[in-house]
Amino acid sequence: MDISQLNPQQQEAACHGEGPLLILAGAGSGKTRVITCRIAHLSAARGVAPENILAVTFTNKAAREMRERVEEMLGKKRCKGMVIATFHSLCVRILREDIEALGYKKNFSIYSTADQLRLIKDLIQQVDIGGRKFDAERVLYAISDAKNRLVPPEKFAVKYHDDYEYMAAAVYPRYQKALKAFNAVDFDDLIMLVARLLQEQPAVLEKYRARFRYILVDEYQDTNAAQYLLLKLLAGGHRNLCVVGDDDQSIYGWRGADLGNILEFERDFPGARVVKLEQNYRSTGNILAAANAVIKNNGKRREKALWTADGAGPRVDYLLCEDEEDEARAVMERIHGERFREELNYSDFAILYRTNVQSRAFEEQLRYENIPYVLIGGQQFFDRKEVKDLIAYLKVLVNHRDEVNLLRILNYPKRGIGETTADRLIRHSAQTQNPLWEVLKSAGELDDLGDKAQEAIAAFVALMERYRRLFNRHGMMVETLRELIAEVRLEQEIYRTVDDPAKARRRVENMEEVANALASYLEREESPSLPGFLEKVSLLDEERPGRDSKEKKLERDAVVLMSIHSSKGLEFPHVFLVGMEEEFLPHKKTLTETFDLDEERRLCYVGITRARRRLVLTGARRRKKYGEMQLRVPSRFLAEIPAELLNASRGEEPPQLPEEEKDQRASKAFANIMSILGD
DNA sequence: GTTGCGTTTATTTTT
DNA sequence: TAAACGCAAC
């Protein structure tokens, strides 16, 4: 480890000893370097044992990179036992060990969003408020939000008195009860249950406090109430908590992230040392000045200003285009020109937008001009039906109480257990309080089922029990999986139901990808298991079979298209921040419903600070929306960038007037009209 | 069990 | 505009 390569503030942070530490790390200020150096410092200079170090991140990618870099510095051997994990995978580890204290079994399933939605749809039907229909996603969102805020079902308060709140209030307790009966937890539970476990079980808390004596947290601005409590409990004894983050880059408020956590760190951990990292090693001076100018308009924030030792660079460009097509063409023009002039790769360019629909015009133009591009985001591999079906089999094999997935596969592919039979089975299960799986096992004794149905059920039970045994054979898991696919005829089912042969083939290949993912998991893992594989799959850890994960896509020589959210943590020599218009950035929703303009401004800030050497902002005068042409107004954030930093070509118009002036102008216009009317 | 048609709705998505 | 969904009809 070479501390001397760090700047003074970075050194101060990396070498801090005991007690709480807040590192306010501006965009591009080398925070990963500081965190990894700090871990190395704790280990090498202060003799902290690896198993006493816990580093928590939000993404698998961040965790992986952190581990790699620490291993590079310390050597693999001295990192053994160190826990560098995401919040979720840390919590799974803890729960696998200690969840029984909460009344779950250790083979609990982790429910994906799709699993959650299936369950919630079902529960909405059961509650049934006057036959009115409800969007399950909105109900799920309300429940998830409650969990993130640590609000238990019985304390869920209806505040705004809208229908969805009442529905959520009705569904939430049932949902939570069902999950427990199914021996399943959702993503939010992973955090919430661990927080509860630590709160209610002093012995468990002591165990982990003794184990994790030094805790480091990355992207602290993104922590929610549950994660905060978890950290507070874990660090409660020794207070060796080091958090790194940037309040200006908090863009996940809508997922429960609580900006207060980073703003109030010293209040929560008195005596905390605060280190600001403001030197930026990424962008040119003008880009940073633009970023600073925008973000300083936010009210609640930690004052900081990024600076660079490098030059100012060219000014930030602003292109006001006619419409979305013109905008796309303008961006292409720039890509062609710059690429040629500076001998750049396509992958040096990124096009960032607020909403995914905006990518379309750019995709079309890129394709038209034969420029290679990758689109990041969109449908996830595990959202594909065929993958979910196969995974459902595996989930049930591991946890037969998982009724959401049991019902998913009970008659898929068709095996003669129709809807009527299923309904009867479910009713029996409800009446006798017996898990559905037990009802299936004893279905032979039920007199309201026909012989055919009973036979089919018995065959299904036998199939599942057989595969449960088969999967336990050592070193045969991939073969077993393929046998399972063949035996239940999943492929035939796809070819039967999908009429487009190419599409069908792709789906079958996706299923094969699951087998490949399992194979690569088996290769990598020391003591692999089916539950272990499912866990990786659920937590979207590297076994994700999609042949184009975000990381892989970024390796190709292609222009990158993605949302501003997806771009956090990345950087590109040339960035196009497109659609700089009111109702995109800030988004219409925040103007009419959520009113969190600050988060939109942070989003703008994140977009700007992705650029290393050149930033181009674009917008259109009009664009087609919902099939209709609309006039567009330049984003108010443009007006926050000082004119001398901006290079406005194309349109003559300067960025829009500041808000107050616009208001004044509007009220003057209003006064005029009134006076005319008054005459 | 499909197919087809009308209705509805339209952010962001680290796990 | 377009995609996703639900419901009714085949």
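Order of the sequence lines sets the chain letters (A, B, ...), proteins ahead of strands, with each chain counted from 1.
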Exercise. For the ring pair A:H565 and A:W254, is the centre-to-centre distance below 6.0 Å?
Worked result: yes
Exercise. With sugar-phosphate meaning primed atoms plus P, OP1 and OP2, does A:K414 contact a base, only sugar-phosphate, or nothing at under 4.0 Å between heavy atoms?
Worked result: sugar-phosphate
Problem set entry | Whole angstrom value for the distance that separates P of B:dT14 from CG of A:N224 | 16 Å
Problem set entry | Salt bridge A:R507-A:E386, side-chain N to carboxylate O under 4.0 Å | yes
Exercise. Do the charged groups of A:E324 and A:R623 touch, with an N to O distance under 4.0 Å?
Worked result: no
Problem set entry | Parallel, tilted or perpendicular, as decided by the 30° and 60° cut-offs, for the rings of A:H88 and A:F187 | perpendicular
Exercise. Ring of A:W254 versus six-membered ring of B:dT12: centres under 5.5 Å and planes under 30°?
Worked result: yes
For this session: By nearest nucleotide on DNA chain B, pick out whichever of A:T113 and A:E493 is the more 5' one.
Result: A:E493
Problem set entry | Pairwise P distance, B:dT12 and C:dC5 [rounded to whole Å] | 16 Å
For this session: Measure the distance from CD on A:Q116 to P on B:dT15 and round it to the nearest whole Å.
Result: 15 Å
For this session: Assign A:D222 to base, sugar-phosphate, or nothing according to its heavy-atom contacts below 4.0 angstrom with the strands shown.
Result: base
Exercise. Taking only N and O in the side chain of A:R255, is any of them less than 4.0 Å away from OP1 or OP2 of B:dT15?
Worked result: no
For this session: Whole angstrom is fine here: how far is it from CG in A:L603 over to P in B:dT11?
Result: 14 Å
For this session: Indicate, with a heavy-atom threshold strictly under 4.0 Å, whether A:R360 touches base, sugar-phosphate, or nothing.
Result: sugar-phosphate
Exercise. In whole angstrom, what separates A:L375's CG from B:dT12's C1'?
Worked result: 15 Å
Exercise. Contact class for A:F584 vs. all strands (heavy atom < 4.0 Å): base, sugar-phosphate, or nothing?
Worked result: nothing
Exercise. Is the aromatic ring of A:H587 within stacking range of B:dT11, meaning centres under 5.5 angstrom and planes under 30 degrees?
Worked result: yes
Exercise. For DNA chain B, whose closest nucleotide is more 5', that of A:Y626 or that of A:T59?
Worked result: A:Y626
